[in-house]
Each structure stands twice: as structure tokens, then as C-alpha cells.
Undergrad: 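Please find one structure pasted underneath; my questions will follow.
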Amino acid sequence: MLLLLGVLVQTGFIFRTAILVNVPQAKPVYEQVCRWLSCEIGLPRLADQLNIDASDLQLIDPGKPNLVKLTALVRNRARVAVEYPAFELTLTNAREQVVARRVFVPAEYLAGDVQEDRGLPGRQELAVNLYLDTGALRAAGYRIYLFYPS
């Protein structure tokens, strides 16, 4: 019996974030236990619930073809707040060959008034605006991929 109880406690600890997504009423219990154990309750990483509804990469000034603005609308379809994802921007040439790739973490794309530790609220969207200098690269296309780094 003691061994079974130990397994249940350990499972509850390891899967605490997933459990809290499905049973939000358990949060006060987990908060109390984590105070005793000095652990954290992180935001869930639900990549399958995030999608990019719209995006655009455009020149800011035709006289300066290296300055571009990336806009993207990221939607959280989950009913709970999720951790902000990283995203990978890939620039391609006219033949769809990769000319540059860069990963942006939340600290790089979130506006100054957004608190990263609160996460992207459930059923909400986030407008991302990044101003980039592509240097000598001449991109004809782009791709964006949302993910959670390991």
C-alpha cells in the first residue's frame, strides 16, 4: 500500500502541469504542496492548441530593402493559459531555398507591457510585430513555425 501511495504521489508531482490543465480545482492543493517542496507549477506547453491565424512580411521602406516588418497573429485555442512559444522564422529565395533561419524566444517578441510568466491566456490571441534588418539577404518568401524548445 505504501509503495502504491508513493507511486501516486510521484505521478502527481511529475504530471502536475497536465493534471492542473484538466482539474483546475486542484490548484490550491498543488500550490500548498509546492510551497513545502520548493517546486514550481509551470504553464502548460500545448503546441497543438496554438496556431498562426495570419502573418505577413513586408518592406518598411522601398528605398531600404533590408528593413522588413514581420507581423503574425498567434491564437491560443486552449481554454487555459499556455506558455508563450518560441518561433522560427525561415527566409527563402525565389526557388524556396533557405537563405536564413532564426529562432525568436518570447523575450524578443513580446511587447514591454506583457508579462511572460502569466502566459498567453486561454481563447486569446497575440499580435507579434518584429522589425528586422535582413542585411544583404534578399528574401522572396518566409515560413513561421511555433514550438517549445527542450
Undergrad: With a 4.5 Å cut-off on side-chain heavy-atom distances among I, L, V, M, F, W and Y, is there a chain of contacts connecting Leu43 to Val74?
TA: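 No; Val74 is not reachable from Leu43 via cluster members.
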Undergrad: If we check side-chain contact (heavy atoms from CB on, under 4.5 Å) with Arg77, which of these qualifies: Asn51, Val82, Leu50?
TA: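 For Arg77, the side-chain contact (heavy atoms from CB on, under 4.5 Å) test succeeds with only one of Asn51, Val82, Leu50, which is Asn51.
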Undergrad: Hey, are the side chains of Asn76 and Gln49 touching, using non-hydrogen atoms and a 4.5 Å cut-off?
TA: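 They are in side-chain contact.
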Undergrad: Drop me the distance from Ile144's CD1 to Ile52's CD1, to the nearest 0.5 angstrom.
TA: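 The CD1 atom of Ile144 sits 4.5 Å away from the CD1 atom of Ile52.
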Undergrad: Using 0.5 Å steps for rounding, measure from the OG1 atom of Thr90 to the CZ atom of Arg102.
TA: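 With rounding to 0.5 Å, OG1 (Thr90) is 12.5 Å from CZ (Arg102).
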Undergrad: If I take atom CG from residue Asn22 and atom CZ from residue Phe15, how far apart are they, to the nearest 0.5 angstrom?
TA: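 Result: 12.5 Å between the selected atoms.
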Undergrad: With the 4.5 Å side-chain cut-off for hydrophobic clustering, are Phe147 and Val98 part of the same group?
TA: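 No, separate clusters.
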Undergrad: Working to the nearest 0.5 Å, report the span between CG of Asp61 and CG of Asn66.
TA: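 It comes to 9.5 Å.
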Undergrad: Between CG of Leu70 and OH of Tyr131, what distance do you get to the nearest 0.5 Å?
TA: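 So the gap between those two atoms works out to 10.5 Å.
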Undergrad: Should Tyr84 and Val114 count as side-chain neighbours, where that means a heavy-atom distance under 4.5 Å?
TA: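 Contact flag for Tyr84/Val114 side chains = yes.
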Undergrad: If hydrophobic clusters are built from ILVMFWY residues whose side chains come within less than 4.5 Å, do Leu59 and Tyr142 share one?
TA: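 Both belong to a single hydrophobic cluster.
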Undergrad: Indicate if Leu67 and Leu137 have the same hydrophobic cluster label, given that clusters are the connected sets of ILVMFWY residues with side-chain heavy-atom separations under 4.5 angstrom.
TA: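 In one cluster with Leu67: Leu137, no.
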